[in-house]
**Q** 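My structure is below; once you've seen it, I'll send some questions.
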Amino acid sequence: MMLDQRSQISTYMMRLLSEGRMVFSREDAQKELGTSRRAFLDAAERQQQRKHLISPRRGFYVIVPPQYLRWGAPSPSWYIDSLMHHEDHPYYVGLLKAAELHGASHQAVMEFQVVTGKRMPRIRAGRSIIAFYYRKDVKALMNAIEEQKTDTGVMKVSSVELTALDLVRYPHAGGGLDNVVTVLSDLGEQIQPHKLAKTSSAFEGSVVQRLGYLLDQFGKHNVTRPLFNAMSKGSALPWVELEPSLASDNDFSMEPIERDKHWRVVVRRKPEPD
């Protein structure tokens, strides 16, 4: 009986691959195979031990094609859309991974970064790490999210404008402000001013001020002008720190070296792009 179950799931996986499909849920497989939960889990566990199958989340399985056996799993881009559909939460591929997809190539991306409306732990899938960043109002950003084709379908990716804002909002995910500035220098030519201004309405004012200041350092005044007008609306902006951590410790805080009166940004250290 055990051998029969193993043969059944192996045949099922081969059929899915032949149809260009590489993911399935426990429920779908049980229904298709006509097997019990326990029998399916035992057979799936053996496929995982043989490195032919991975389970990034409970009840969700990804088939590992033969050419990816040495990597332990295919690229997350092959199954991230199906995974997030399984989780039933909005998402987009963002931050450094999105920047890479938009052509920024200064830094190697060590994580496959995903922004979603659900708090989820990191996933190690073969040699890849999928890192999730929580944002409660992902649905409010739908107009700034694009679909990109993948080898197996599509995945949702942040636009250049949303990527730039996110990198300033999550500088730790971007490898620190120096690295964020490096990436912004790569993306600057692609940013569309009015799209940036529209997308900025979903972000904290401090994030918009910091991004505006940083883009102005590259001479992108044509990009930041609509951004500033959309934000200020004729009223004075509050002062914000470019790097709040440099001012948070009273004993070791750095003295400001610049106070940008346009964006009202306090600068205690000039970022150093690569």
Side-chain angles (χ1 to χ4, degrees), residues 8-33 37 40-41 43-102 108-135 138-139 141-142 145-159 162-163 166 173:
Q8 278 189 326
I9 193 170
S10 179
T11 301
Y12 174 66
M13 289 163 54
M14 290 177 61
R15 179 169 62 79
L16 291 182
L17 283 178
S18 71
E19 296 171 354
R21 299 161 58 195
M22 58 186 309
V23 303
F24 60 89
S25 68
R26 175 181 57 79
E27 292 85 355
D28 288 345
Q30 279 187 244
K31 183 178 180 180
E32 180 78 15
L33 298 173
R37 176 189 174 98
F40 167 79
L41 291 176
E45 175 64 24
R46 284 167 173 77
Q47 291 295 332
Q48 289 175 262
Q49 291 173 357
R50 296 175 63 192
K51 311 299 183 183
H52 291 170
L53 192 66
I54 64 169
S55 180
R57 294 285 285 176
R58 185 185 298 273
F60 179 83
Y61 295 88
V62 179
I63 304 167
V64 182
Q67 66 269 32
Y68 284 95
L69 287 177
R70 62 179 296 190
W71 292 89
S75 166
S77 64
W78 285 31
Y79 56 86
I80 190 64
D81 193 70
S82 296
L83 172 62
M84 298 312 295
H85 181 75
H86 173 80
E87 293 294 310
D88 194 26
H89 277 274
Y91 83 97
Y92 58 89
V93 178
L95 299 159
L96 289 179
K97 186 60 186 179
E100 179 188 66
L101 293 168
H102 288 300
V109 181
M110 305 304 293
E111 300 175 333
F112 192 93
Q113 296 172 321
V114 177
V115 180
T116 181
K118 180 179 182 180
R119 297 187 187 278
M120 296 173 62
R122 292 155 65 94
I123 293 173
R124 178 174 289 278
R127 297 187 186 182
S128 299
I129 295 175
I130 307 176
F132 297 94
Y133 294 85
Y134 173 73
R135 174 154 186 160
V138 172
K139 289 184 178 179
L141 298 166
M142 285 300 144
I145 298 172
E146 307 169 349
E147 281 196 348
Q148 286 198 9
K149 288 185 178 181
T150 69
D151 291 331
T152 56
V154 297
M155 64 180 177
K156 294 179 172 62
V157 179
S158 59
S159 66
L162 176 53
T163 301
D166 270 347

**Q** Would the distance check show the side chain of Thr150 and the main-chain N or O of Gly153 forming a donor-acceptor pair, the cut-off being under 3.5 Å?
**A**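 A pair under 3.5 Å: yes.
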**Q** Taking only residues two or more places apart in sequence or in another chain, which ones pass salt bridge (charged side-chain N to carboxylate O under 4.0 Å, His left out) with Arg21?
**A**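 Residues passing salt bridge (charged side-chain N to carboxylate O under 4.0 Å, His left out) with Arg21: Glu19.
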**Q** side-chain hydrogen bond (donor to acceptor under 3.5 Å, both in side chains) with Arg57: which residues, sequence neighbours excluded?
**A**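 If we apply the side-chain hydrogen bond (donor to acceptor under 3.5 Å, both in side chains) test to Arg57, skipping adjacent residues, the hits are Glu87.
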**Q** Are the side chain of Thr152 and the backbone N or O of Trp78 linked by a donor-acceptor pair below 3.5 Å?
**A**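 At least one qualifying donor-acceptor pair exists.
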**Q** Give the minimum heavy-atom separation between Lys97 and Gln113, together with the two atoms involved.
**A**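 It is N-OE1, 3.7 Å.
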**Q** Show which side-chain atoms of residues 62-73 pair as donor or acceptor with protein atoms under 3.5 Å away, not counting sequence neighbours.
**A**
none

**Q** Ignoring hydrogens, what is the shortest heavy-atom contact between Glu32 and Tyr12? Give both atom names and the distance.
**A**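 For Glu32 and Tyr12, the tightest heavy-atom pair comes out as CG-CE1, 3.4 Å.
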**Q** So which atom in Pro74 and which in Tyr79 form the shortest heavy-atom distance, rounded to 0.1 Å?
**A**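 Between these two residues, the closest heavy atoms are O-CE2, 3.7 Å.
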**Q** According to ring pair (Phe, Tyr, Trp, His ring centres under 6.0 Å), who are the partners of Phe132, at least two apart in sequence or on a separate chain?
**A**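 Checked Phe132 against ring pair (Phe, Tyr, Trp, His ring centres under 6.0 Å); zero matches.
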**Q** Applying ring pair (Phe, Tyr, Trp, His ring centres under 6.0 Å), name anything that partners Tyr92, two or more places apart in sequence or on another chain.
**A**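 Result, ring pair (Phe, Tyr, Trp, His ring centres under 6.0 Å) vs Tyr92: none returned.
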**Q** Taking atom NZ of Lys118 as the centre, does the number of heavy atoms from other residues, nucleotides or ligands within less than 6.0 Å exceed 12?
**A**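 More than 12 heavy atoms, drawn from other residues, nucleotides or ligands, come within 6.0 Å of this atom.
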**Q** Give a yes or no on whether the backbone of Leu95 and the side-chain of Thr163 come within a donor-acceptor separation of less than 3.5 Å.
**A**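 Checking the backbone N and O of Leu95 against the side chain of Thr163, no donor-acceptor pair under 3.5 Å is found.
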**Q** Please check if atom CZ in Arg127 has more than 12 non-hydrogen atoms from other residues, nucleotides or ligands closer than 6.0 Å.
**A**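 Yes, CZ of Arg127 has more than 12 neighbouring heavy atoms, counting only those of other groups under 6.0 Å.
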**Q** Verify, without hydrogens or angle tests, whether Ser159 (side chain) and Ile145 (backbone) share a donor-acceptor contact under 3.5 angstrom.
**A**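 Between the backbone of Ile145 and the side chain of Ser159 there is no qualifying donor-acceptor contact (under 3.5 Å).
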**Q** Between Phe40 and Tyr61, is the ring centre distance below 6.0 Å?
**A**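 Yes, the ring centres sit under 6.0 Å apart.
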**Q** According to salt bridge (charged side-chain N to carboxylate O under 4.0 Å, His left out), does anything in residues 145-156 pair up with another residue at least two apart or in another chain? List the pairs.
**A**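 Residue pairs with at least one partner in residues 145-156: Asp81-Lys156.
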**Q** For a quick test of reading the model, state the closest non-hydrogen atom pair linking His86 to Gly59 and the distance between them.
**A**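 Looks like CE1-O, 3.7 Å.
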